[in-house]
Amino acid sequence: MIPNIINFDSLPSTNLEAARLARAGANEGVCVVAAEQTAGRGRLQRVWLSPPGAGLYFSIVLRPTLAQGDWPLLTLMAAVAVHDALLAACLVETDIKWPNDLLVAEKKLCGILAETVETQLGRAVVLGIGINLTKDSLPAELQATATSVESVTGVRPELAEVLGALVSELVTQYESLQRVGGTRKIIREWCLRSSYCEGRLIRVTEGGETLAGTTRGLEPDGALRVETVGGKIKVLRAGDVTSVRPD
Ligand code: BTN
């Protein structure tokens, strides 16, 4: 994959622009970056607040050769890449909450939204990544649950440095994922960086139902295994996971 970065001052959403470019025939590796988003999108129809200059708002077009059943692994791959990029560029050590939120001290620093797009060259994936860089990325109402690089380190990171590290880690992890044995490898790499992989008490809300249990690793396609109080293993493919503190 050869990255090609296109910068914008303002966009409704970098994911929407990347999807438009993918439909117009953009190659894999086209990256869209905006200084602000006026309609940033989060998972589960949420809004991603994106004030000017406060975060990295980034989307990349991928045209994976991976079997479609393994495409959920792309978001785990992105989480591993962001983890390593933040460590390299900002010396920030993050935890990964399944499937792909990056946290510091249980507060969200980065979110990832993968969306598929039908194009004339076949189905593509737009991988959107939002990283809170400065304190201005967080309105008062989010400060209990979200954080930024600046809040963690006391230093305002250079966007260009974070972007450079992110693109480089994405290329490395994406190419590794698509090699033989890459799907098993990314699960191992994800588990090495996540306290949610094994033995974590969690509560999950899915389709209005709540399930509590202990995490027991990932399935080969990235789904989360959870052992319920009754000892049954449930496999989660979606849903919102919250951590539960042991009594
Ligand atoms: C989440 O809900 O955690 C995912 C948030 C993803 C936000 C990023 S910011 C860049 C890209 N463009 C969007 O509109 N969303 C993603």
Side-chain angles (χ1 to χ4, degrees), residues 8-18 32-60 75-76 78-87 89-115 126-159 161-163 165-166 193-196 200-206 208 210 224 238-245:
F8 292 83
D9 290 335
S10 179
L11 281 175
S13 154
T14 56
N15 264 32
L16 289 180
E17 179 61 15
V32 176
V33 177
E36 74 164 343
Q37 297 183 119
T38 52
R41 290 137 57 96
R43 284 178 63 231
L44 310 171
Q45 317 297 326
R46 292 182 187 135
V47 167
W48 187 261
L49 291 175
S50 314
L56 177 57
Y57 316 120
F58 170 96
S59 302
I60 184 166
T75 60
L76 302 191
V80 167
V82 177
H83 172 283
D84 289 5
L86 287 171
L87 195 56
C90 312
L91 302 178
V92 169
E93 175 87 54
T94 49
D95 189 13
I96 311 176
K97 188 176 83 155
W98 185 86
N100 52 19
D101 284 348
L102 283 104
L103 313 180
V104 174
E106 306 295 323
K107 291 185 176 185
K108 184 155 164 174
L109 183 79
C110 165
I112 297 170
L113 175 66
E115 299 181 285
V126 169
L127 204 55
I129 298 174
I131 303 177
N132 302 327
L133 293 180
T134 76
K135 288 184 177 166
D136 314 325
S137 57
L138 307 172
E141 66 269 23
L142 285 186
Q143 283 176 13
T145 53
T147 191
S148 66
V149 172
E150 183 183 16
S151 313
V152 172
T153 63
V155 178
R156 281 188 171 227
E158 286 296 327
L159 185 139
E161 268 179 47
V162 182
L163 175 61
L166 174 63
R193 293 160 178 81
S194 173
S195 72
Y196 281 76
R200 182 92 193 228
L201 285 173
I202 58 153
R203 186 174 293 129
V204 181
T205 311
E206 195 180 17
T210 298
L224 182 65
D240 235 6
V241 174
T242 50
S243 164
V244 180
R245 292 197 183 286

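Note that this is a predicted model, so its numbers are computed, not measured.
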Apply side-chain contact (heavy atoms from CB on, under 4.5 Å) to residues T153 and L91 and explain how you reach the verdict. CA-CA 8 Å; T153 63; L91 302 178; over 6 Å; no
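- Side chain of Y57 to main chain of P51: a donor-acceptor pair is present (N/O by atom type, distance under 3.5 Å, no hydrogens or angles).
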Evaluate the criterion side-chain contact (heavy atoms from CB on, under 4.5 Å) for residue pair R156 and D136; output intermediate values, then yes/no. CA-CA 10 Å; R156 281 188 171 227; D136 314 325; 3.0 Å; yes
List the steps and the verdict of salt bridge (charged side-chain N to carboxylate O under 4.0 Å, His left out) for E150 and K135. CA-CA 6 Å; E150 183 183 16; K135 288 184 177 166; 5.0 Å; no
Check step by step if side-chain contact (heavy atoms from CB on, under 4.5 Å) holds for S151 and L138. CA-CA 10 Å; S151 313; L138 307 172; 4.3 Å; yes
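- The structure places CD of E17 at 9.0 Å from OG1 of T14, a figure rounded to the nearest 0.5 Å.
- Going from atom OG of S148 over to atom CD1 of I131 covers 12.0 Å, rounded to the nearest 0.5 Å.
- Considering every non-hydrogen atom in both L127 and A114, the closest pair reads CD1-CB, 3.7 Å.
- Note that the CD1 atom of I202 and the OH atom of Y196 stand 8.5 Å from one another [nearest 0.5 Å].
- Distance OG1/T145 to CD/E106: 12.0 Å, rounded to 0.5 Å.
- Distance OG1/T75 to CZ/R43: 8.0 Å, rounded to 0.5 Å.
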For a side-chain contact (heavy atoms from CB on, under 4.5 Å) check, start with the C-alpha distance between W48 and N15, then their side-chain angles and the critical distance, and finish with the verdict. CA-CA 12 Å; W48 187 261; N15 264 32; over 6 Å; no
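- When all heavy atoms are compared, the tightest approach of D95 to R200 is OD2-NH1, 3.9 Å.
- Side-chain contact between L86 and V149 is present, with at least one heavy-atom pair separated by less than 4.5 Å.
- The backbone N or O of Q143 sits less than 3.5 Å from a side-chain atom of K107, completing a donor-acceptor pair.
- Looking at N132, its side chain never comes within 3.5 Å of a backbone N or O of S137 through a donor-acceptor pair.
- Closest approach of V126 to S59, counting heavy atoms only: CG1-CB, 4.0 Å.
- Closest approach of T38 to P12, counting heavy atoms only: OG1-CA, 3.2 Å.
- I96 approaches A79 most closely through the heavy-atom pair CG2-CB, 3.8 Å.
- With rounding to the nearest 0.5 Å, the separation of CG in N100 from CG in L76 is 7.0 Å.
- The two residues S13 and R41 have their closest heavy-atom pair at OG-CD, 3.6 Å.
- You'll find the side chain of I129 stays beyond 4.5 Å of the side chain of L56, heavy atoms only.
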